[in-house]
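Have a look at the structure below before the remarks.
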Amino acid sequence: MIANRLRRKSLYCRADYWDAKAAEYDEQTASWWPNGILSSLHRKELRRIIDTWLENVAGLRVLDLGCGTGTISRHLAARGAIVHGVDFSSAAIKVAEQLNAADAGSAITYEVGSLHDLETNQLFDAVITVGVLTIACRTGQELDQALQRIKSSVVPGGRILLIEPVHQGPLHRVLRMGRRQFLTHVTAAGLEVEAQEPLCCWPARLLVGYVRLPGWITRPVYWIGDVIMRTCRMRWLGDYLAIRVVRPPNHS
């Protein structure tokens, strides 16, 4: 993982890299940590913020942009959403479709596609990205273009959840950009920020992420890091920043 992170700019833009990840991680959505308990805690935290900020999704059309193998898509569909998942890794989409076929009642469709070429034939009630913009975008200009494409895919008044590793710390992805600057780009795109919350304390993750440690070690370290991050208002300790925005109903 460390070697891959050092080569992030040349690796993360390649579909074959994520194709290999899809085969390696199967039903998971990203290159999770070697410590599987830490990975499960991270997925639980993602589900919590999604369920809190998209409370009533039954019957809503949701675009899962950068869906990977469909973990979040299946979670939303289980709550009654009509989900369309898009990812530029054909191997990940294949795994997602296979898992979806096992659940005949699941209202999910999948498509191979890139954020940079996003074109949809329908407008969605909500859009969600998890670790997509900060991998696919290398510059502020590319971020602006991506945000405009996302904005154009959601109905006026619709919500967008951006759950991204937004920071300039050692765990930054391809886009190295601080929180304030990122939020400036979001508002410049004509989107209104409703809420934001740091997730996944990165010092705690570094302490326990690279070794398969037992739960009685992993969980306390993770929770202590989370408490410090929230109670001391240290947003910069969050590896991820969850941002809920809305496309204004009366604006283009």
_Arg212 atom CZ, over 12 foreign heavy atoms within 6.0 Å_ = no
*Check the surroundings of atom CD in Gln122: do more than 12 heavy atoms from other residues, nucleotides or ligands lie under 6.0 Å from it?*
yes
Which atom pair, heavy atoms only, marks the closest approach of [X] to [Y]?
| X | Y | value |
| --- | --- | --- |
| Pro220 | Gly215 | CD-O, 3.6 Å |
| Ala146 | Leu115 | CB-CD2, 3.8 Å |
| Tyr222 | Leu38 | CD1-CD1, 3.4 Å |
| Cys67 | Gly85 | SG-C, 3.6 Å |
| Tyr110 | Glu97 | CD1-CG, 3.9 Å |
| Val174 | Cys137 | CG1-O, 3.9 Å |

*Candidate pair Leu183 and Gln196, rule side-chain contact (heavy atoms from CB on, under 4.5 Å), full reasoning*: CA-CA 10 Å; Leu183 291 173; Gln196 55 181 296; 3.6 Å; yes
_Polar contact flag, side-chain donor to acceptor under 3.5 angstrom, Glu164-Thr129_ = yes
*Using distance alone, with no hydrogens and no angle criterion, decide if Asp239 and His167 have a side-chain donor and acceptor under 3.5 Å apart.*
yes
Using a strict 4.0 Å threshold on nitrogen-to-oxygen distance, state whether [X] and [Y] make a salt bridge.
| X | Y | answer |
| --- | --- | --- |
| Arg159 | Glu192 | no |
| Arg244 | Glu55 | no |
| Asp51 | Arg79 | yes |

*If two hydrophobic side chains count as joined below 4.5 Å and joins carry through other members, does Leu63 share a cluster with Ile82?*
no
*Under a single-linkage definition using a 4.5 Å side-chain heavy-atom cutoff for Ile, Leu, Val, Met, Phe, Trp and Tyr, are Val245 and Val127 assigned to the same hydrophobic cluster?*
yes
*Show your reasoning for whether side-chain contact (heavy atoms from CB on, under 4.5 Å) applies to Ile72 and Val130.*
CA-CA 9 Å; Ile72 291 173; Val130 179; 3.4 Å; yes
*Check whether any side-chain heavy atom of Phe182 sits under 4.5 Å from a side-chain heavy atom of Leu241, and report yes or no.*
no
*asked:* I'd like to know whether His75 forms a side-chain contact (heavy atoms from CB on, under 4.5 Å) with Leu46, so could you lay out the CA-CA distance, the side-chain angles of the two residues, the decisive distance to 0.1 Å, and finally the verdict.
replied: CA-CA 11 Å; His75 176 69; Leu46 288 179; over 6 Å; no
*Carefully, step by step, assess Leu143 and Leu133 under the rule side-chain contact (heavy atoms from CB on, under 4.5 Å).*
CA-CA 7 Å; Leu143 176 61; Leu133 293 173; 4.2 Å; yes
_Residues in salt bridge (charged side-chain N to carboxylate O under 4.0 Å, His left out) contact with Asp144, at least two apart in sequence or another chain_ = none
*asked:* Go through it in stages, so that I can follow the logic: the residues are His42 and Tyr240, the test is ring pair (Phe, Tyr, Trp, His ring centres under 6.0 Å), and I'd like the CA-CA distance, side-chain angles, deciding distance and then a yes or no.
replied: CA-CA 10 Å; His42 178 45; Tyr240 280 73; 5.2 Å; yes
